[in-house]
**Q** 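The following block contains the structure, expressed as structure tokens.
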Amino acid sequence: MKQADLSQYKNAMSRKNQIMRLLWTIVWGVFAKPLPRSIGCGWKRFLLRMFGAKLSSSAVVYSTTKVYMPWNLEMGDYSCLADGVDCYNVAPIKIGNNTTVSQRTYLCSASHDITKSNLPLTFSSIEICDSVWVAAEAFIGPGVTVGQGAVVAARACVVKDVDPWTVVGGNPAKFIKKREIVE
């Protein structure tokens, strides 16, 4: 049986990409992270936009959020990346309108090809549609679409698409019930 051989691993990211990520990490760490979580929303949006993010003027990104590649982030009206969210967006991540991604959630748009001995990086975009709530400490994997109005329960591990207006939870995430809004 063939073994993994990481001596043959090559970073798929260009030198320019690596330099931009380093610069971004310094800029966010110095000019945004020290701010209290709810202060300076406009300033944080400005910094993200300077590095290519497409953000609505009402989007909220907390200071402790980690955005790996801002040029691969899109956020709609009244969307939020809360305290400690880790947005590993090697591929594009799109957050819809009126959508909240809660504390310490991990949005992971990359993985490795386990069928190859050198485990090359693979990546696929994530879309979290309008009116979604991703509860605390959930994991959303590469290539996943969370449908409109869905709820992802706390600590759920989502590796497949979530149907609109459903509630999912567990590891791996499974259907719990339909979501109905009763006013």
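The analysis underlying the following values was restricted to heavy atoms, covering all of them including side chains, and did not include hydrogens, waters or symmetry mates.
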**Q** Please check: side-chain N/O of Trp43 versus main-chain N/O of Phe31, any donor-acceptor pairing under 3.5 Å?
**A**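 Yes: the side chain of Trp43 pairs with the backbone of Phe31.
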**Q** Pick out which of Leu81, Val61, Thr65 makes a side chain to side chain contact (heavy atoms under 4.5 Å, CB included) with Leu48.
**A**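 Between Leu48 and the candidates, side chain to side chain contact (heavy atoms under 4.5 Å, CB included) is satisfied uniquely by Val61.
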**Q** Start with the C-alpha gap between Lys177 and Thr166, add the side-chain angles, then the distance that decides, and say whether side-chain hydrogen bond (donor to acceptor under 3.5 Å, both in side chains) holds.
**A** CA-CA 6 Å; Lys177 66 180 185 176; Thr166 60; over 6 Å; no
**Q** Would you name the heavy atoms of Ile93 and Cys87 that are closest together and state the gap between them?
**A**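 So the two residues come closest at CD1-SG, 3.7 Å.
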**Q** Is it possible for you to say whether Ile128 and Ile176 belong to one hydrophobic cluster, with membership spreading through side-chain heavy-atom contacts below 4.5 Å?
**A**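 Per the 4.5 Å side-chain linkage, Ile128 and Ile176 are not co-clustered.
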**Q** Any non-hydrogen side-chain atom of Asp5 less than 4.5 Å from a side-chain atom of Asn118?
**A**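 They are not in contact (no side-chain heavy atoms under 4.5 Å apart), so the answer is no.
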**Q** A side-chain contact here means heavy atoms from C-beta on lying under 4.5 Å apart; do Val132 and Val151 qualify?
**A**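 No - every pair of side-chain heavy atoms lies 4.5 Å or more apart.
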**Q** With hydrophobic residues grouped by side-chain heavy-atom distances under 4.5 Å, do Ile19 and Phe51 end up in a single group?
**A**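 No, separate clusters.
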**Q** Please state whether the rings of Phe139 and Tyr106 are parallel, tilted or perpendicular, taking 30° and 60° as the class boundaries.
**A**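 Because their plane-to-plane angle lies in the 30° to 60° range, the rings of Phe139 and Tyr106 count as tilted.
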**Q** If you take all heavy atoms of Met13 and Gln18, which pair is closest and at what distance?
**A**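 Residues Met13 and Gln18, closest heavy atoms: O-NE2, 3.5 Å.
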**Q** For Asp113 and Thr122, what are the C-alpha separation, side-chain angles and deciding distance, and is it a side-chain hydrogen bond (donor to acceptor under 3.5 Å, both in side chains)?
**A** CA-CA 6 Å; Asp113 184 349; Thr122 62; over 6 Å; no
**Q** Around atom CG of Leu6, are there more than 12 heavy atoms of other residues, nucleotides or ligands at under 6.0 Å?
**A**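 Yes - once you tally the heavy atoms of other residues, nucleotides and ligands closer than 6.0 Å, there are more than 12.
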**Q** Quick check against the 3.5 Å criterion: does Ser102 have a side-chain atom that pairs as donor or acceptor with the backbone of Val134?
**A**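 It does hold such a pair.
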**Q** To the nearest 0.5 Å, tell me how far Gln148 CD sits from Glu127 CD.
**A**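 Taking CD in Gln148 and CD in Glu127, the distance rounds to 10.5 Å.
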**Q** So, taking the atom named CD1 in Ile26 and the one named CZ in Arg21, what distance separates them when rounded to the nearest 0.5 Å?
**A**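 So the CD1 of Ile26 and the CZ of Arg21 are separated by 12.5 Å.
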**Q** What's the verdict on side-chain contact (heavy atoms from CB on, under 4.5 Å) for Arg179 and Ile181, showing C-alpha distance, side-chain angles and the deciding distance?
**A** CA-CA 7 Å; Arg179 179 183 179 197; Ile181 296 179; 3.9 Å; yes
**Q** Quick one, Arg155 with Asn171, criterion side-chain contact (heavy atoms from CB on, under 4.5 Å). Give me CA distance, side-chain angles, the key distance, then yes/no.
**A** CA-CA 8 Å; Arg155 295 196 170 180; Asn171 183 1; over 6 Å; no
**Q** Do side-chain atoms of Asp130 reach the backbone of Gly96 as a donor and acceptor pair under 3.5 angstrom?
**A**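 A pair under 3.5 Å: no.
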**Q** Assess whether side-chain contact (heavy atoms from CB on, under 4.5 Å) is satisfied between Val60 and Ser79, documenting all intermediate values.
**A** CA-CA 6 Å; Val60 175; Ser79 59; over 6 Å; no
**Q** Does one hydrophobic cluster hold both Leu73 and Phe123, with members joined at side-chain heavy-atom distances below 4.5 Å?
**A**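 Yes; tracing contacts between hydrophobic side chains, which count when under 4.5 Å, links both residues.
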**Q** Between Thr145 (side chain only) and Gly147 (backbone N and O only), is there a donor and an acceptor less than 3.5 Å apart?
**A**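 Here the side-chain-to-backbone pair does not exist.
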**Q** Treat each ILVMFWY residue as a node, draw an edge where side-chain heavy atoms are under 4.5 Å apart, and state whether Phe175 and Val162 are in one component.
**A**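 They do not share one cluster, since no chain of ILVMFWY contacts under 4.5 Å joins Phe175 to Val162.
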**Q** Return yes if some donor-acceptor pair links the side-chain N/O of Arg45 with the main-chain N/O of Ser57 below 3.5 Å, else return no.
**A**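 Judged by distance alone, yes, a pair lies under 3.5 Å.
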**Q** Among the clusters formed by ILVMFWY side chains lying less than 4.5 Å apart, do Ile95 and Tyr78 turn up in the same one?
**A**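 As far as the 4.5 Å side-chain criterion goes, Tyr78 and Ile95 are not connected within one cluster.
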**Q** Grab the two heavy atoms, one from Ala91 and one from Ser125, that are nearest each other, plus how far apart they are.
**A**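 Of all heavy-atom pairs spanning Ala91 and Ser125, the closest is CB-N, 3.6 Å.
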**Q** Would you mind reporting whether Glu74 and Leu55 have side-chain heavy atoms less than 4.5 Å apart?
**A**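 When only atoms from C-beta onward are counted, Glu74 and Leu55 do not touch, as no gap falls below 4.5 Å.
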**Q** Using every non-hydrogen atom in the two residues, find where Gly40 and Leu35 come nearest and quote the distance to one decimal.
**A**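 Looking at all heavy atoms of both residues, the shortest contact is CA-CD1, 4.5 Å.
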**Q** Nearest 0.5 Å, what's the CG-CD1 distance between Asn72 and Ile126?
**A**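 It comes to 11.0 Å.
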**Q** Could you tell me whether the side chain of Ser109 and the main chain of Pro92 form a donor-acceptor pair under 3.5 Å?
**A**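 Judged by distance alone, no pair lies under 3.5 Å.
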**Q** Which heavy atom of Leu47 sits nearest a heavy atom of Ala32, and at what distance?
**A**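 For Leu47 versus Ala32, the nearest heavy atoms are CD1-CB, 3.9 Å.
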**Q** Nearest heavy-atom pair of Ala153 and Ala138: which atoms, and what distance?
**A**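 What the structure gives for the nearest pair is O-CB, 4.1 Å.
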**Q** How long is the straight-line distance from OG of Ser131 back to CG of Asn98, given to the nearest 0.5 Å?
**A**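 With rounding to 0.5 Å, CG (Asn98) is 5.0 Å from OG (Ser131).
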**Q** Regarding Lys44 and Ser63, do their side chains bring together a donor and an acceptor under 3.5 Å, going by distance alone?
**A**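 The criterion, which ignores hydrogens and geometry beyond distance, is satisfied for Ser63 and Lys44.
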**Q** Report the distance from atom CH2 of Trp24 to atom OH of Tyr68, rounding to the nearest 0.5 Å.
**A**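 Between atom CH2 of Trp24 and atom OH of Tyr68 there are 14.0 Å.
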**Q** Evaluate the criterion side-chain contact (heavy atoms from CB on, under 4.5 Å) for residue pair Leu107 and Asn89; output intermediate values, then yes/no.
**A** CA-CA 7 Å; Leu107 304 176; Asn89 56 339; over 6 Å; no
**Q** Could you give the distance from NZ (Lys66) to OH (Tyr88), rounded to the nearest 0.5 Å?
**A**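 Rounded to the nearest 0.5 Å, the NZ-OH separation comes to 12.5 Å.
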**Q** Under the side-chain hydrogen bond (donor to acceptor under 3.5 Å, both in side chains) criterion, do Thr99 and Trp133 qualify, and how do the steps go?
**A** CA-CA 6 Å; Thr99 292; Trp133 175 32; over 6 Å; no
**Q** Side chains of Val85 and Arg104: does their closest heavy-atom pair fall under 4.5 Å?
**A**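 Not in contact.
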